[in-house]
Amino acid sequence: MAEYFNELLNHLSASPFLQGLVAALATFILEDPTTITCGALVADGHMLFATALIGLTIGIAAGDFGLYTIGRFVGPSTVRWGLLSQERLDRAKRWFDRNLILAVVLSRFMPGTRLPTYVGAGIFQASPIRFLGAAIVASLVWTFTLLTVTVKLGQTVLPVLGAYRWPVVLCLIAIIAYAQRRASKHIASVDTTAAEPVVSMFEFWPAGVFYMPVGLYYAWLSLRYGGTTLPTAANPSIYSGGLIRESKFQILSLVPEPQRKWVLPVCLFQCPAKDVSNDDAVRDALRTIAEAALSFPLVAKPDKGQRGAGVQKLRSEDDLRAYLESFPPGLEIVFQALADFPHEAGVMYYRYPGTDSAAIMSITIKEFPHVIGDGVRTLRELILADPRARILHHIYCKRHASQLDRVLESGEKFRLVFAGNHAQGTIFKDGTHLATPQLLARLHEIASSMPDFYFGRFDIRYSDLDAFLNGDDIHIVEINGAGAESTHIWDARMTLSRAYGALFRQWRILFEIGAANRKRGAKPLNPFRLLGDCFWYRDSSRGYPMAH
């Protein structure tokens with residue numbers, strides 16, 4: 001091991017540019033431990049001081065500006081979400097304009113304060129030029145100081161340690177990283193113990209910003225496993241493995257008859273072409289529903305849909321008529337028996353091909369938000385008064401536009417969301433710790449009875465938590481494939497590092513399963529076809545009815 005490490009160091013020593021690049025990228029993960037490592041390399045003669053200083057400074061400044069950019073993206077939405085008034089946003093902006101340099105410099109020397117300070121500078125729209133200048137100067141001063149001290153100490157201590165110098169250095173760096181993490185958590189706990197958070201720091205970041213590291217990790221996995229679309233081979237019996245444009249009805253149809261008792265009954269209906277009258281469409285739909293022994297009320301949703309798009313509760317023939325009239329012609333609709341149960345959970349399941357062992361990756365407990373009337377305020381006022389609902393008021397107000405001016409009676413409970421989806425406004429809680437052997441055994445019994453199904457999320461309605469965890473009170477609404485997400489990451493108390501850790505683990509397992517199935521003869525989807533499916537879904541989903 002020591003010989004391999006020395007060979008690696010000698011190889012890197014031959015390329016100062018590569019050394020600087022690695023140092024810059026490493027600061028995105030851990031800044032100070034990376035700086036200390038570079039200082040030890042300089043002291044041991046494997047790296048030039050100038051290479052370390054330039055690489056570290058560029059990497060740290062780039063990371064700081066990345067945090068600022070995230071805040072800049074989120075900033076305008078804080079007013080729309082109701083987190084800040086425009087007046088408070090303007091006042092905070094003026095404070096940052098006056099104290100920006102001081103805030104940036106102080107946060108550079110205080111563990112745990114950089115992230116909120118730099119993101120806050122972006123949210124409050126501090127000058128990007130002044131911020132970047134202050135960040136570069138602060139990082140240069142801090143990096144030069146820490147690097148110089150480390151080099152001086154290293155030149156004194158490393159020769160004494162001899163062959164044990166790098167094991168000792170690596171242990172020291174691990175201790176420093178652990179200490180910094182504990183310090184950051186302590187600072188964060190001081191800020192969060194005062195009240196229960198209603199959203200996490202990143203819950204409503206723009207998707208393009210939040211998923212950027214996941215995209216980079218996906219690209220790395222593609223290189224490592226030699227296939228950009230390997231996840232589409234995770235479930236060979238499902239189109240695209242369930243990543244995109246898969247059929248909800250077809251997936252549920254994979255469950256054999258002995259296990260169908262756990263699945264809510266469904267039927268498939270193709271919405272007629274434009275030249276067919278709505279009356280004829282309603283008549284055909286009613287016939288399909290009756291043949292499947294379904295009746296009102298029931299649930300209607302696109303057969304090829306994601307994130308709760310187009311999901312509605314149909315109470316009568318009039319609701320069905322309105323739904324068909326607004327649905328894109330020629331596309332399929334799934335009608336499903338109404339899950340008249342108060343609770344819902346999403347359980348991520350996986351197993352590797354060729355084995356009979358399975359695991360629960362995560363459990364998400366879903367809460368359907370509501371407001372309670374007081375006999376005085378309108379529905380709009382109640383939504384805007386709720387700490388969390390006001391953040392998503394643009395979704396709730398659009399969905400319930402016809403009732404916004406209605407004054408709710410005292411004690412009247414008004415449910416804001418029907419579809420159990422985060423994008424539609426449902427509250428997600430991390431229930432992974434609740435997983436039981438009984439629940440896993442039940443889901444494995446169902447999943448292993450489906451041909452070539454290895455990865456996915458079971459969306460389940462239930463009445464009693466204990467019975468659900470015992471594997472008895474289970475009513476499956478949907479079974480999602482490779483496109484399913486470990487949705488427990490949207491818990492308000494979730495940290496960003498844990499969220500990324502969960503998503504990275506999820507995609508790594510997907511690639512491992514896809515690679516194993518490829519060896520067994522499964523063919524991943526062609527990348528161009530996958531891209532075409534993404535565009536198809538984007539265009540088609542725009543015509544779906546508004547979700548309830």
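Residue indices begin at 1 and follow the sequence shown. What you are looking at is a predicted structure, and each value in this text was computed from that prediction instead of being measured. The figures that follow rest on heavy atoms only: side chains count, while hydrogens, waters and symmetry mates do not.
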Does the distance from a Lys or Arg side-chain N to an Asp or Glu carboxylate O, for Glu317 and Arg321, drop under 4.0 Å? yes
In the structure I gave you, are the side-chain heavy atoms of His475 and Trp262 within less than 4.5 Å of one another anywhere? no
Quick check against the 3.5 Å criterion: does Gln403 have a side-chain atom that pairs as donor or acceptor with the backbone of His400? no
Polar side-chain atom of Thr232 near backbone of Leu525 as donor-acceptor pair, under 3.5 Å: yes
Side-chain (Arg399) to main-chain (Leu416) donor-acceptor, under 3.5 angstrom: yes
To the closest 0.5 Å, what do you measure between CG (Asp319) and NZ (Lys313)? 10.0 Å
Treating Asp473 as the side-chain partner and Tyr462 as the backbone partner, does any N or O pair qualify as donor plus acceptor under 3.5 Å? no
Pairing of Arg498 and Asp430 as salt bridge, 4.0 angstrom limit: yes
Asp459 pairs by side chain to side chain donor-acceptor pair (under 3.5 Å) with which of Asn480, Thr364, Thr487? Asn480
Check this for me: does any side-chain nitrogen of one of Arg461 and Asp340 sit under 4.0 Å from a carboxylate oxygen of the other? no
Can you check whether Val334 reaches Leu268 side chain to side chain, under 4.5 Å on heavy atoms? yes
Proximity of Phe210 and Trp490 rings by center, below 6.0 Å: yes
Is it the case that the side chain of Gln506 and the backbone of Ala484 share a donor-acceptor pair, with hydrogens and angles ignored and the cut-off at 3.5 Å? yes
How about Glu332 and Ser247: do any of their side-chain heavy atoms sit closer than 4.5 Å? no
Partners meeting ring-ring contact (aromatic ring centres under 6.0 Å, His included) with Phe327 (sequence neighbours left out): Tyr323, Tyr544
Does Gln306 offer a backbone N or O that forms a donor-acceptor pair with the side chain of Tyr537 under 3.5 Å? yes
Looking at Glu485, is its backbone amide N or carbonyl O close enough to the side chain of Arg457 to form a donor-acceptor pair, meaning the two atoms are under 3.5 Å apart? yes
Can you check whether Gly241's main-chain N or O pairs, donor with acceptor, with Asn235's side chain at less than 3.5 Å? yes
With heavy-atom distances below 4.5 Å as the criterion, would you say the side chains of Gln336 and Lys248 are in contact? no
Per side-chain contact (heavy atoms from CB on, under 4.5 Å), Leu324 is matched among Leu314, Val276, Asn278, Asp279 by Asn278
Can a donor-acceptor pair be found, under 3.5 Å and without considering hydrogens, that links the side chain of Asp464 to the backbone of Ala467? yes
